[in-house]
Amino acid sequence: MRLSRLFGRTTRETPADAESVSHQLLVRAGMISQGAAGVYSYLPLGWRALRRIEQVVREEMDRAGGQELLMPTLQPFELWEASGRYVSFGQSLFTLLDRKEHRLVLGPTHEEVITDLARRYLQSYRDMPLMPYQIQTKFRDEPRPRGGLLRVREFTMKDMYSFDADEAGLDATYQKMASAYAAVYSRLGLPAVMVEADSGAIGGKASHEFMVLTPTGEDIVLHCTTCDYASNAEKARSNKITCDSDAVCAEEVRPLEEVATPESRTIEEVATFLQRPSSQTLKAVFYIADHEFVLAVIRGDLEVNDVKLQRALKCDLLRLAEEGEIVDVGAVPGFGSPIGLDGVRVIADDSVPHARNLVAGANRLGFHVLNANYGRDYTAELVADIAQARGGDRCPACSGTLMEERGIEVGHIFKLGTFLSDKLSASFLDENGVSRSAVMGCYGIGIGRLLAAIVEYGHDDKGIVWPIQVAPYQVHICTLNPDKSNVEHTGEQLYQTLRSSDVDVLLDDRPASPGVKFNDADLIGAPLRVTVSPRTLATGSVEIKWRNKKEAELIAVGDAADLVTAMVRDALASKRSTDG
RNA sequence: CGGGGUGUGGCGCAGUCGGUAGCGCGCAUGGUUUGGGACCAUGAGGUCGGAGGUUCAAGUCCUCUCACCCCGACCA
């Protein structure tokens, strides 16, 4: 491609509404352009990069036993009613009415459709494992799109679904996909780590995310500094036994006692006022779970993790209760606790039952109680781990410490089990002729997000530094002073020769100054730059320089085409097969 | 949805006390330049997000509204 003909133009100014580096650079390089919030056009350069990523993903999916197909974007709403997932997806579902006023949804994912499809073709255990996948546009009406391509409402996603005859089969397929994902990231030059994750609206049991750790990520990852425990913060566990609480556990149970604590509403205020560590207090947090009032209690030094709470409660919608709602059940905001509260569902964090003599709210304005004890003074219908783990906490798996880092989620795999195949009756006959529900898994990679993550991870102050597998063009030829001597002719010849040997090459044939050309080359980020100028030609050479290296070297004009071709091939080959 | 912010040529911005819009980049033409975003000259391009109002007069003041960005609740 000739830069003079390329649709898209680089800009010097960074766009005012672009915050993240990937957003800024992709726009400045003329790769993407925003249409609406969370909706983007891919210009030719960006589209090429996107397709390269797709291709890598496709190859690894095929290698792992996947079969590519294509499902419709428009899905009947009935399918979502049947699965029940229109509730958990809720507002993020884009829905529309056709001319007959029939309700359709723009697919945010395709578990329903694929299960419905599988139902028709999957009949025997001999048909499994079955691993269909597609690379297709998804629509999700996100509450808040952000970060350019990092979080959008319309995006291409690779989504694979697996159908196995039993749990063991699913486990094996899941493992296979985890390795396939690792292979994808490795080929794309991204160091992604696999972490435990919550399955969210998708549903299912086990799930893992693949994270690229960068300070700009929107997720928080907790990982152990000594063992290999790693988890998304929304799912992470931690060892909550502290010296403090150990001592508390050993105490003798003392009688309940009411104390005046005027103006002490927060844990911090109460702890300070009564001169107790916050770990000897009981925190009460009021929620509305699926329209039902729920009181969550947790040791005062910990925070409730809403995601874990929602999971423990098995509810679809969870929000904090408003002050009026708290008062309605007879509790007093700031002085609340389960003590003396009737008819309210209580869920306790597992840090609570064995803790002795805590300070708790008295459900009376201006008063707390001392020596609140689980079992004697209050109980919970459910005890579960609902605490937010944080950096510095102790690892739940070993004696190490958890570290907190930000990450971009570039892949998510789920063990779904049979809840969808049950609901949509995707069953098969096992070897004993017994009808059973297929055991499902699903596996997603956001292609555009991956593109953004690659830029977030690979750039410098000049622009993008593409891994050669992803670069829209592998070689970028700059002709300086193309009107002088035979610069233009040499550049042109090199361009044609490289093209004919299947090297993707960009020729900057514009009559621009050297600075402009170099800066654009750096911005666009092709791995290898070739400079042809009167100066190099004077010594019968051209200059080559890798985008990620500082120094350039001169090579003879006559050897240039062959050498550059070989260098590109070598670089591509070294990344191409990483399976093991 | 809650909190914060921004809307003025393609992009980045200025616009005072209300007097009918300007700068830089980019673009076009001509010329001089050329190894890290050159220079001169000329030129094209704007219903100031939208609606309503106040006023002799509104980019500027008032009301409403829309869009976009950032922080929180969601996810590939």
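Chain letters run A, B, ... following the sequence lines, proteins first and then strands; every chain starts at 1.
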Kindly write out the residues that satisfy side-chain contact (heavy atoms from CB on, under 4.5 Å) with A:Asp306, not counting sequence neighbours, or none if the list is empty.
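Here the qualifying residues are A:Tyr287, A:Val304, A:Leu318.
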Can you sort out the partners of A:Asp509 under side-chain contact (heavy atoms from CB on, under 4.5 Å), two or more places apart, ordered by chain and number?
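Counting only residues at least two positions away or on another chain, A:Asp509 forms a side-chain contact (heavy atoms from CB on, under 4.5 Å) with A:Arg2, A:Leu3, A:Ser4, A:Leu507.
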Summarise protein proximity over nucleotides 39-44 of chain B in one line of letters, 5' to 3': B for base, S for sugar-phosphate only, - for none, counting protein heavy atoms closer than 4.0 Å.
------
Per-nucleotide protein contact string for nucleotides 24-30 of chain B (B base, S sugar-phosphate only, - none; heavy atom under 4.0 Å)
BSSS---
Please list, in numerical order, the residues of residues 534-548 of chain A that have a heavy atom closer than 4.0 Å to any atom of RNA chain B.
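Heavy-atom contacts with RNA chain B come from A:Arg535, A:Thr536, A:Glu543.
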Near RNA chain B, under 4.0 Å by heavy atom, which residues of residues 49-57 of chain A?
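Those residues whose heavy atoms fall under 4.0 Å from RNA chain B, taken from residues 49-57 of chain A, amount to none.
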Is there any protein nitrogen or oxygen under 3.5 Å from a nitrogen or oxygen in nucleotides 4-7 of chain B, and what are the pairs?
none

Using a 4.0 Å heavy-atom cut-off across all strands, classify [X] as base, sugar-phosphate, or nothing.
X	answer
A:Val410	sugar-phosphate
A:Asp483	base
A:Lys462	base

Not counting sequence neighbours, which residues clear side-chain hydrogen bond (donor to acceptor under 3.5 Å, both in side chains) with A:Glu19? List them please.
none
I'd like to check the side-chain hydrogen bond (donor to acceptor under 3.5 Å, both in side chains) partners of A:Gln67; sequence neighbours left out, ordered by chain and number.
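None.
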Between [atom2] on [N] and [atom1] on [X], what's the gap in Å once rounded to a whole number?
X	N	atom1	atom2	result
A:Leu320	B:G2	CG	C1'	12 Å
A:Arg529	B:G36	CZ	C1'	8 Å
A:Gln91	B:C75	CD	P	14 Å
A:Asp508	B:U34	CG	P	18 Å
A:Glu209	B:C75	CD	C1'	8 Å
A:Ile524	B:G37	CD1	C1'	13 Å
A:Asp219	B:A73	CG	C1'	14 Å
A:His412	B:A76	NE2	C1'	9 Å

Compare the minimum distances between each of B:U34, B:G37, B:A76 and the side chain of A:Arg140, then state the nucleotide with the smallest one.
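The answer is B:A76.
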Selection residues 470-488 of chain A - residue pairs positive for salt bridge (charged side-chain N to carboxylate O under 4.0 Å, His left out), sequence neighbours left out
none
Taking salt bridge (charged side-chain N to carboxylate O under 4.0 Å, His left out) as the cut-off, I'd like each qualifying pair that reaches into residues 38-47 of chain A, sequence neighbours left out, listed once.
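Residue pairs with at least one partner in residues 38-47 of chain A: there are none.
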Counting neighbours of CD on A:Glu268 that are heavy atoms of other residues, nucleotides or ligands and sit closer than 6.0 Å, is the number greater than 12?
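No, not enclosed.
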Give me the distances for all protein-to-nucleotides 67-69 of chain B N/O pairs that come in under 3.5 Å?
| from | atom 1 | to | atom 2 | distance (Å) |
| --- | --- | --- | --- | --- |
| B:C68 | OP1 | A:Ala37 | N | 3.0 |
| B:C68 | O3' | A:Gln34 | NE2 | 3.4 |
| B:C69 | OP1 | A:Gln34 | NE2 | 2.8 |

Using ring pair (Phe, Tyr, Trp, His ring centres under 6.0 Å) as the criterion, point out the one residue from A:Phe94, A:Phe77, A:Trp80, A:Phe139 that pairs with A:Phe89.
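By the ring pair (Phe, Tyr, Trp, His ring centres under 6.0 Å) criterion, A:Phe89 pairs with just one of A:Phe94, A:Phe77, A:Trp80, A:Phe139: A:Trp80.
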Return the stacking result for B:G37 and A:Phe518: yes when the ring centres lie under 5.5 Å apart and the planes under 30°, no otherwise.
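So A:Phe518 does not count as stacking on the base.
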